[in-house]
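The structure displayed is predicted, hence computed values, not measured ones.
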Amino acid sequence: MRKSGFWVAYFLLLVAQILLSNYFLFTPYITLSILPVMVLCISTRIAPYVCMLIAFGSGLMVDWLSEGVLGLNAFALVPVALLRNPVIHLVYGEGLFTRKEDFTVKGHGFTKVIMAILMVQALFLALYIWADGAGLRPLRFSLARFFASLPAGLVVSLLTLNVLAADPHR
């Protein structure tokens, strides 16, 4: 995908996340967010501090236009951006950075992609649920929310991944 095409898709998915947060609240046990996979799909050529700024802005925009608790998504998304490169190193190895290429599902395998998504989703959800509960909700509820949100987030993230990390040779 061309550089400008990625950012247009990123912005449209940001709008989709705002709509998802506003209108698709199925249950208090499920938190759906495509923000972690959006940050994961940002080009590996972009410096981590720029990625963290993009994540902060994206999270703040979603907070401001949808959920009401200003800073909650931003708080949970910035560490995802900070640890994005280590997650990519862990799952894909050093080759992705030395070749300066972005990952695709077809090019790097479905299992590795799922592992990377699960890692960033788990980090995001752990921070988000911890900050959202602020010590006022019981641990049972927080754990149930985490384990219900993780597979739901994985499914939604895989759909998002098809848009942002599409195979360039299609």
Going by the rule side-chain contact (heavy atoms from CB on, under 4.5 Å), which residues pair with [X] if we only count those two or more places apart in sequence or in a different chain?
X: S33; result: Q17, L35, P36, F124
X: L83; result: P86, L123
X: A144; result: Y29
X: L143; result: L139, F147

Would a hydrophobic clustering, with Ile, Leu, Val, Met, Phe, Trp and Tyr connected at side-chain separations under 4.5 Å, put [X] with [Y]?
X: M38; Y: V15; result: yes
X: L90; Y: L161; result: yes
X: V155; Y: F110; result: no
X: Y49; Y: I54; result: yes

Open item on the list: Let me confirm one number: the CG-CG distance from N73 to L127, rounded to the nearest 0.5 Å.
Closed with: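 Answer rounded to 0.5 Å: 11.5 Å.
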Summary of salt bridge (charged side-chain N to carboxylate O under 4.0 Å, His left out) pairs that have at least one residue in [range], sequence neighbours excluded:
range: residues 147-159; answer: none
range: residues 114-137; answer: D132-R137, D132-R145
range: residues 16-26; answer: none
range: residues 5-15; answer: none

Open item on the list: Under a 3.5 Å distance rule, please check whether R84 uses its side chain to pair with a backbone N or O of I42 as donor and acceptor.
Closed with: yes
TODO: Take N162 and L158, measure what side-chain contact (heavy atoms from CB on, under 4.5 Å) needs, and give me the verdict at the end.
DONE: CA-CA 6 Å; N162 194 28; L158 286 173; over 6 Å; no
Task: Contact list for residues 51-62, test side-chain hydrogen bond (donor to acceptor under 3.5 Å, both in side chains), sequence neighbours left out - done: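 The answer is Y10-S58.
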Task: Contact list for residues 116-125, test side-chain hydrogen bond (donor to acceptor under 3.5 Å, both in side chains), sequence neighbours left out - done: Q121-S157
- [ ] Could you walk me through whether D63 and V69 pass side-chain contact (heavy atoms from CB on, under 4.5 Å), step by step?
- [x] CA-CA 6 Å; D63 289 333; V69 180; 5.9 Å; no
